[in-house]
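Down below is the structure, laid out as structure tokens.
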Amino acid sequence: MDKWMLIDGNSIIYRAFFAMPPLTNSAGLHTNAVFGFTTMLLKLLADEKPTHVLVAFDAGKATFRHEGYTEYKGGREKTPTELSEQFPVLKELLSAFGIAQYELSGYEADDIIGTLTKMADESKVETLVITGDKDMLQLASEHVTVAITRKGISEVEPYSPAAIQERYGLKPLQIIDLKGLMGDASDNIPGIPGVGEKTALKMLHEFGSVEEVLAHTDSLKGKMKEKVEEHKESAIMSKKLATIYREVPLDKGADEIRYAGYEDAALAEAFRKLEFKSLIERLDLGSAGSGGSEKEAAEAAAELKVAVIAGEDDADTLRALLDDLSGEEAAKKSAEGDAAVEADAISHGFYVEAIGDNPHHAEVIGMAIAVGEQVYVIAADAVKQPFAEPLRKWLADADKPKYGFDTHKAELALGWNGIVFNGAVFDVQLAAYLLDPTDASLTLSGMSQRYGLTAIAADEAVYGKGAKFRVPDAETLNRHLAVKAAAVQRIAKHQQGDLEKSGMSKLYYELEQPLSRVLAAMEQQGIQVESAELERLGSELERNLSQIMSDIYRHAGMEFNINSTKQLGDVLFEKLGLPVMKKTKTGYSTDAEVLERLEPYHEIVPLILLYRSLAKLQSTYVEGLLKEIRQETGKIHTYYRQTIAATGRLSSQFPNLQNIPIRLEEGRKIRKAFVPSEPGWYILAADYSQIELRVLAHISGDERLKEAFIQDMDIHTKTAMDVFGVTAEQVDSNMRRSAKAVNFGIVYGISDFGLSQNLNITRKEAGAFIAQYFEVFQGVRKYMDDIVAQARQDGYVTTLLERRRYLPDIKASNFNIRSFAERTAMNTPIQGTAADIIKLAMVRMDETLRERKLKSRMLLQVHDELVFEVPEDELELMKELVPTVMAGALKLDVPLKADVNYGVNWYEAK
DNA sequence: GCAATCACG
DNA sequence: ACGTACGTGATTGCT
């Protein structure tokens with residue numbers, strides 16, 4: 001016999017939080033509510049022996065109840081962070097239990113449970129609902145019992161319909177009427193003022209429902225009559241609010257919530273991280289799970305000793321910190337040469353907290369340094385004071401190694417505050433990226449979890465997010481920073497071994513780590529941008545745009561927001577009746593591809609295309625870039641992110657300087673605003689020629705492709721010759737264009753459909769092209785087959801420098817998902833190796849400029865291009881040097897080649 | 001906060 | 001038969 005147990009997660013964790021005394025693990029993570037929840041859960045599982053369990057949560061967003069009544073749940077104290085940080089912890093723990101959990105945006109836990117009890121009623125399954133909320137009594141039925149917590153959470157009181165009758169004299173559904181009349185202060189449901197439980201029950205015993213009470217106000221007397229009549233609407237609305245919605249669109253049913261019992265190892269691991277020692281003993285999980293060395297366990301359990309350096313009164317503490325740092329270093333030196341010690345050589349963990357996504361504008365609110373279990377937290381103000389000079393010296397000293405987290409951001413944020421940072425030798429965020437570049441959240445709390453270390457609070461739980469972001473009180477903040485610095489040190493130890501195991505140590509220490517400093521220097525340098533030039537372009541665009549807008553309105557016969565795809569779709573496809581070519585999941589598609597096909601149908605279409613292109617230039621490139629220019633210097637400082645792209649490329653933010661227009665002349669003019677920062681200097685730009693196809697020639701070993709590059713032929717023309725079987729002279733522009741598209745397709749992991757779309761030909765024709773290509777370039781075909789097979793076998797692919805990307809989807813049964821992974825397997829080694837190469841060139845170039853004491857500066861990287869500013873007297877040298885360094889970055893079986901151009905601005909450097 | 005669109009390699 | 005090209009970031013409108 002099945003038995004379902006449905007738990008109101010929010011209600012129970014709240015009650016557990018307030019019922020339990022404070023409790024934290026050694027990392028300062030609050031665990032009392034999770035502990036309370038767990039003890040209750042264990043008791044229920046033992047007593048009830050359910051076959052199916054679900055814990056439902058409120059989704060953090062507004063629900064449909066707010067639509068009619070915005071004050072719903074208003075006036076509530078906001079959840080204390082000591083509790084909110086426990087939500088993700090509880091969810092993680094429930095996963096370890098193997099218990100299903102569910103939340104759905106727009107609905108509350110009540111509604112989810114209400115919907116499931118309805119399913120239970122229909123299929124006559126015995127069901128127990130666990131909650132602290134009496135409202136839910138309305139769900140009780142022949143098959144459904146609602147258990148309400150008592151005395152905190154140590155006991156529950158089950159209510160069957162009979163028990164509700166006995167206690168309240170009501171049927172389950174009349175609980176809604178009860179709430180309608182008496183309201184509920186905790187949810188800010190008003191009810192009828194002055195009517196409490198007693199009066200409400202009396203009325204319901206006489207009339208049965210809110211509606212009937214309101215219909216018989218005559219038989220009430222005096223003040224009560226007045227009140228009820230005055231608040232009729234409130235009563236009706238309150239009843240509505242108290243009604244649990246039982247039609248939630250769930251994608252969970254009996255199969256998804258089945259509970260098969262927990263696995264000892266998983267639960268033991270989860271309890272260990274939370275340091276629930278009593279529960280480990282009680283459930284006899286002591287020997288279950290792996291959980292790291294004994295030493296590590298002891299380390300993790302040891303309470304951190306936190307010393308705060310907030311002002312000059314703490315000068316002694318600061319001295320102790322520096323003593324500790326140099327002491328650890330001395331110990332390390334004496335052990336040098338002992339390979340076994342190498343992995344333990346991490347002397348400390350260093351963490352800088354900088355608030356804000358853009359490091360050039362981020363505010364440093366503190367830093368922490370962990371030396372073993374002793375952690376020093378330094379307040380932001382203290383760092384700048386005179387007594388902290390020795391600390392600033394340590395920060396600036398390139399010979400004092402630092403083991404940190406996102407030291408790239410730290411360097412920039414500190415730099416803008418006049419604090420020099422040097423000497424980063426290991427960065428756990430950067431290492432984590434190499435170990436898995438598709439990991440989207442490279443956070444310390446996530447990494448601690450992954451390595452099975454002491455669980456630490458997520459930043460979001462400590463600070464909140466979006467509009468609710470707040471820096472907590474000093475004590476909470478210091479604790480959090482201390483915990484993070486300690487985590488850095490522990491994580492780093494694991495990662496050194498992991499990097500070595502995956503063959504990425506060299507990639508890390510000789511490429512990515514040095515590159516991070518090179519990037520920071522480029523970003524701090526910035527590039528000069530002439531606002532006057534952008535403003536000139538802006539006013540020209542402004543004039544054109546207003547003319548085009550009025551033309552568009554004239555053709556449409558109405559004014560509308562052209563930027564709104566919804567409104568534009570209505571105009572094009574309903575008002576003007578143009579044929580629908582493509583749909584998006586929300587409506588008509590109006591993208592450039594569709595509009596280009598619609599051009600012959602109506603004069604408005606080309607105008608819209610023109611409007612779109614100019615509006616893009618105006619908003620993103622003129623207005624957007626103007627906002628990013630620093631008034632003091634006239635420079636733009638982008639931020640290159642080294643831990644985002646799955647292939648190993650960089651990305652650029654605030655603003656993105658890797659997508660400045662170039663393909664169309666109107667847009668290309670934006671580049672005129674990018675100028676040297678010193679009079680008489682030049683902008684010099686060098687780009688790799690066909691780097692991805694050269695890389696492909698190398699890794700595939702395809703003789704024909706290699707030969708083409710050894711001869712330095714025009715690769716698209718050569719491809720056309722070989723695919724079409726013609727001479728160079730016979731290749732017309734159309735053939736070359738097709739060959740170029742095929743080459744692109746090859747790099748992306750080709751499909752006949754993709755190529756047919758790109759070339760506007762049939763799939764069959766595209767398929768024939770591809771077949772012909774592979775016939776000629778058989779080495780490439782073999783590479784494509786082999787790399788997919790290799791990905792299937794290893795679960796990952798690598799670049800020439802051993803950069804790795806995991807492809808779990810390569811074995812998916814879904815054709816689409818699997819195909820995507822296969823194309824990724826083909827593309828990543830190519831795109832990734834090209835990224836490796838230009839990164840090598842950047843590190844070399846930086847060294848070269850330094851060694852030769854040149855004044856020229858590297859400013860930008862655009863995937864296959866490097867941009868410099870160069871004084872006149874170095875121009876001739878740099879024209880040689882840059883392409884030479886770029887071409888020599890890595891030795892391949894085909895030559896690498898870089899072209900160089902220069903001019904008085906970026907536009908002219910073509 | 002997400003979807004659609006478009007800028008780049 | 002399935003329905004796609006690979007990798008990014010910024011802006012806008014809308015829920």
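What you see is a predicted model, and the numbers here were worked out from it, not measured in a lab. Protein chains get the first letters and strands the later ones, always in sequence-line order, with residue 1 at the start of each.
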Phosphate OP1/OP2 of [N] contacted by [X] side-chain N/O (<4.0 Å):
X: A:Arg641; N: C:dT8; answer: no
X: A:Ser819; N: C:dC2; answer: no
X: A:Asn656; N: C:dA10; answer: no
X: A:Gln618; N: C:dT11; answer: no
X: A:Arg823; N: C:dT4; answer: no
X: A:Ser564; N: C:dC14; answer: yes

> Rounded to whole angstrom units, what separation is found between the CG atom of A:Leu617 and the C1' atom of C:dT11?
Replying inline: 13 Å

> What is the distance from CZ of A:Phe769 to P of C:dA5, rounded to the nearest Å?
Replying inline: 20 Å

Could you check whether the side chain of [X] and the base of [N] have a donor-acceptor pair of N or O atoms closer than 3.5 Å, going by distance alone?
X: A:Gln831; N: C:dC6; value: yes
X: A:Ser651; N: C:dT8; value: no
X: A:Arg663; N: B:dG9; value: yes

For [X] and [Y], which I'm curious about, is there any donor-acceptor pair between the side chains at under 3.5 Å?
X: A:Tyr806; Y: A:Arg804; result: yes
X: A:Tyr588; Y: A:Glu574; result: yes
X: A:Thr762; Y: A:Glu765; result: yes
X: A:Arg763; Y: A:Ser756; result: no
X: A:Thr638; Y: A:Ser652; result: yes
X: A:Gln831; Y: A:Thr647; result: yes

> Which value, in whole Å, describes the distance between the P atoms of nucleotides C:dT4 and B:dA4?
Replying inline: 13 Å

>> With rounding to the closest Å, how many angstrom separate the P atoms on B:dA7 and C:dG3?
In response: 29 Å

From [options], nucleotide with atom closest to [X] side chain:
X: A:Tyr748; options: C:dA10, C:dA5, C:dC14; value: C:dA5
X: A:Gln653; options: B:dT5, C:dT11, C:dG9; value: C:dG9
X: A:Leu755; options: C:dA5, C:dG7, B:dA3; value: C:dA5
X: A:Arg763; options: B:dG1, C:dA5, C:dG3; value: C:dG3
X: A:Phe753; options: B:dA7, C:dG13, C:dT4; value: C:dT4
X: A:Phe744; options: C:dT12, B:dA4, C:dA5; value: C:dA5
X: A:Thr565; options: B:dC8, B:dA4, C:dG13; value: B:dA4
X: A:Thr584; options: C:dT11, B:dT5, B:dC8; value: B:dT5
X: A:Phe815; options: C:dG3, C:dT4, C:dC14; value: C:dG3

> Closer to the 5' end of DNA chain C via nearest nucleotide, is it A:Thr620 or A:Thr647?
Replying inline: A:Thr647

>> So, applying side chain to side chain contact (heavy atoms under 4.5 Å, CB included) with A:Leu515, which one of A:Leu430, A:Val843, A:Leu840 is it?
In response: A:Val843

>> Between A:Lys575 and A:Asp570 (salt bridge meaning N to carboxylate O under 4.0 Å), is one present in this structure?
In response: no

>> Once you apply a heavy-atom cut-off of 4.0 Å, does A:Asn561 come out as touching a base, just sugar-phosphate, or nothing?
In response: sugar-phosphate

> How is the base pairing of DNA chain C summarised as a dot-bracket string, given the Watson-Crick and G-U wobble criteria with both distances under 3.5 Å, [ ] for crossing and | for another strand?
Replying inline: .....|||||||||.

> Looking at side-chain heavy atoms only, is the closest gap between A:Pro359 and A:His408 below 4.5 Å?
Replying inline: no

